[in-house]
Amino acid sequence: MSGLRTDLYELRMAGSYLRRGMTEQATFSLFVRRLPPRRGFLVAAGLAEALTFLEQFAFDADDLSYLRDVGGFDPSALTALSAIRFTGDVWAVPEGRVVFADEPLLEVTAPIAEAQLVETGVLNLITFHTTIASKAARCRIAAGDAQLIDFAFRRTHGLEAGAGVARASAIAGFAATSDVEAAHRYGLVPSGTMAHSYVEAFPDERSAFRAFATDFPVDPIFLVDTYDTPAGVWAAVDVIRELGLTGPLGVRLDSGDLAALARQTRAILDEAGLPQARIVASGSLDENVIAGLVEAGAPIDGYGVGTKMGVAYDAPSLDSAYKLVCIGDRPVLKLSPGKATLPAPKQVFRDPAGVAGDVVGLRDEPVPAGRESLLVQVMRDGRRLDPADPVEAVRAARRRFDAELSWLPESARRLTEPEPLTATVSPALVALHGQVAARAGRDGGN
């Protein structure tokens with residue numbers, strides 16, 4: 001992973017640290033200051049990618065040449081950067097678990113130059129994946145028992161972002177993805193039907209459906225709204241009967257009044273003796289549209305969710321931060337209005353019963369009675385502790401989220417006017433904050 005995948009100011013700060021022999025261990029904490037509007041919770045995601053980034057972070061000869069020629073770095077700084085590898089420790093919330101504002105998702109402890117250099121990459125990965133997983137989770141809540149399929153690939157902000165969306169949405173409960181490479185990489189179910197262009201390429205819908213089902217007879221889904229939806233459904237019925245299709249199959253609705261068309265489609269399929277045929281809906285869907293269709297009693301078995309999930313349309317990023325909380329044995333903080341931080345490495349203590357809210361405390365303080373620690377150590381000396389393969393990592397995260405969804409209070413799950421849990425601060429952390437703030441005030445006055 002190229003060491004240039006960072007912001008210039010990270011390189012300049014790191015170069016300055018190295019020039020001055022500043023090699024103390026530093027701890028940075030990554031957290032979200034406040035939840036976006038209409039969000040009652042976040043789903044932690046992106047940790048696996050962040051750990052891969054840390055393991056591979058290095059400067060090659062071309063990187064160093066560029067920094068010499070363009071960045072103004074002198075030979076001593078370049079020599080120091082050439083030896084940089086991430087050698088630190090990481091504590092993090094496991095992927096798939098629910099978090100709230102002002103709770104650390106991840107903490108990095110490493111020599112300060114290393115911890116500074118990886119800020120941009122780690123912050124980017126955790127923020128993006130958590131943003132998407134949180135949006136996808138809302139779609140899952142809205143859909144109830146219906147199947148969800150990731151249709152976002154063609155609208156994500158880049159090809160690699162498409163793979164990230166497929167992975168993050170799978171953690172949140174999506175059953176399949178249209179992104180074939182991501183399905184292969186992460187052990188997901190690839191899913192695809194046909195486009196209107198395919199239907200238009202044939203003389204009529206029956207010809208298109210017949211050709212498609214002949215070539216791909218396993219679980220065919222017929223796109224029935226190219227011309228007239230009821231007529232399209234009957235064309236699909238005719239082809240199913242003609243070819244004697246008996247396995248899993250269905251039709252897709254992509255436009256119009258989806259609730260009314262779904263009811264009409266269900267009636268046609270049942271009349272034709274095809275009660276097993278599924279109805280899949282797509283077309284500018286998000287959790288709000290899905291919730292409206294469910295509330296209207298639309299007989300829809302699955303939803304293909306694309307753009308609005310894949311770019312988290314209503315909240316495309318998070319107010320995330322990666323802040324220094326300790327250097328050497330000295331805890332530090334910010335007192336900036338609206339951006340104040342808490343000092344020292346931290347832990348989140350959670351009530352497994354969901355009765356009481358979370359408590360943010362010091363990492364080394366005793367776990368309060370009846371609570372569990374949320375952050376776990378995932379990397380030591382620059383190597384991950386659980387090198388699970390990409391497929392199992394997604395499956396494990398999905399299992400965690402399934403459990404979290406059962407734990408999450410209804411007030412936080414709500415799609416409209418949710419009430420997020422508010423974390424309190426432990427007495428020990430409150431006391432340390434006061435001591436460090438008082439010291440900072442004295443030092444600042446000098």
Side-chain angles (χ1 to χ4, degrees), residues 139 142-155 174-178 180 189-286 289-309:
C139 294
D145 295 330
Q147 185 185 67
L148 291 168
I149 307 166
D150 160 37
F151 275 8
F153 191 21
R154 61 183 56 199
R155 301 286 174 75
F174 276 51
T177 178
S178 66
V180 180
V189 176
S191 178
T193 60
M194 62 179 67
H196 292 105
S197 58
Y198 183 86
V199 177
E200 294 164 358
F202 289 82
D204 53 58
E205 286 177 309
R206 283 175 178 78
S207 299
F209 297 164
R210 184 182 302 111
F212 189 83
T214 299
D215 294 341
F216 299 98
V218 178
D219 196 12
I221 303 291
F222 304 102
L223 180 59
V224 295
D225 71 335
T226 304
Y227 307 116
D228 174 80
T229 299
V233 177
W234 277 115
V237 167
D238 290 345
V239 169
I240 291 167
R241 288 170 169 170
E242 175 188 332
L243 299 181
L245 301 177
T246 58
L249 48 83
V251 300
R252 177 161 71 99
L253 306 173
D254 189 56
S255 60
D257 184 338
L258 293 177
L261 289 171
R263 284 189 285 268
Q264 195 171 8
T265 299
R266 183 75 269 162
I268 293 171
L269 294 172
D270 290 349
E271 179 185 341
L274 297 170
Q276 82 281 12
R278 294 175 295 130
I279 299 174
V280 177
S282 59
S284 300
L285 301 182
D286 64 5
V289 176
I290 294 171
L293 290 167
V294 171
E295 185 178 357
I300 295 172
D301 304 291
Y303 297 92
V305 189
T307 304
K308 291 185 178 180
M309 185 274 294

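Note that these values count all heavy atoms, side chains included, but never hydrogens, waters or copies made by symmetry.
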Open item on the list: To the nearest 0.5 Å, what is the distance between CZ on Arg278 and CZ on Arg266?
Closed with: 10.5 Å

Task: Distance in Å, Ile240 CD1 paired with Leu274 CG, rounded so as to fall on 0.5 Å steps - done: 5.0 Å

- [ ] Drop me the distance from Gln276's CD to Leu269's CG, to the nearest 0.5 angstrom.
- [x] 8.5 Å

Task: Heavy-atom pair with the smallest gap, counting every atom of Met309 and Ala152 - done: CE-CB, 4.4 Å

Task: Sub-4.5 Å side-chain heavy-atom contact between Pro230 and Ile268 - done: yes

Open item on the list: Just verifying a value: how many Å separate Glu205 CD and Glu200 CD, rounded to the nearest 0.5 Å?
Closed with: 10.0 Å

TODO: Please report the closest heavy-atom contact between Thr177 and Ile149, naming both atoms and the distance.
DONE: N-CG2, 4.3 Å

TODO: Determine whether Phe209 and Glu242 make a side-chain contact, defined as any pair of heavy atoms from C-beta on separated by less than 4.5 Å.
DONE: no

Extract all donor-acceptor atom pairs below 3.5 Å that involve side chains of residues 191-198 and protein atoms in other chains or at least two apart in sequence.
| residue | atom | partner | partner atom | Å |
| --- | --- | --- | --- | --- |
| Thr193 | OG1 | Arg252 | NE | 2.9 |
| Thr193 | OG1 | Arg252 | NH2 | 3.1 |
| His196 | NE2 | Asp225 | OD1 | 2.7 |
| Tyr198 | OH | Phe212 | N | 3.3 |

Open item on the list: How close do Ala236 and Val224 get, counting heavy atoms only, and between which atoms?
Closed with: CB-CG1, 4.3 Å

TODO: Would you name the heavy atoms of Ile279 and Pro299 that are closest together and state the gap between them?
DONE: CD1-O, 3.5 Å

Task: For the student: nearest non-hydrogen atoms of Gly302 and Ile300, plus distance - done: O-CG2, 3.2 Å

- [ ] Report yes if some heavy atom in the side chain of Leu243 is under 4.5 Å from a heavy atom in the side chain of Pro217; otherwise report no.
- [x] no

Open item on the list: Any non-hydrogen side-chain atom of Gln264 less than 4.5 Å from a side-chain atom of Thr229?
Closed with: no

Task: Other residues, nucleotides, ligands: >12 heavy atoms within 6.0 Å of Tyr227 OH - done: yes

Open item on the list: Do Leu285 and Phe151 make a side-chain contact, defined as non-hydrogen atoms from C-beta onward lying under 4.5 Å apart?
Closed with: no

Open item on the list: Considering only residues two or more places apart or on different chains, which pairs with a residue in residues 292-308 satisfy side-chain hydrogen bond (donor to acceptor under 3.5 Å, both in side chains)?
Closed with: Arg155-Thr307

Task: Contact summary for Phe153 and Ser178, nearest pair of heavy atoms - done: CB-OG, 4.1 Å

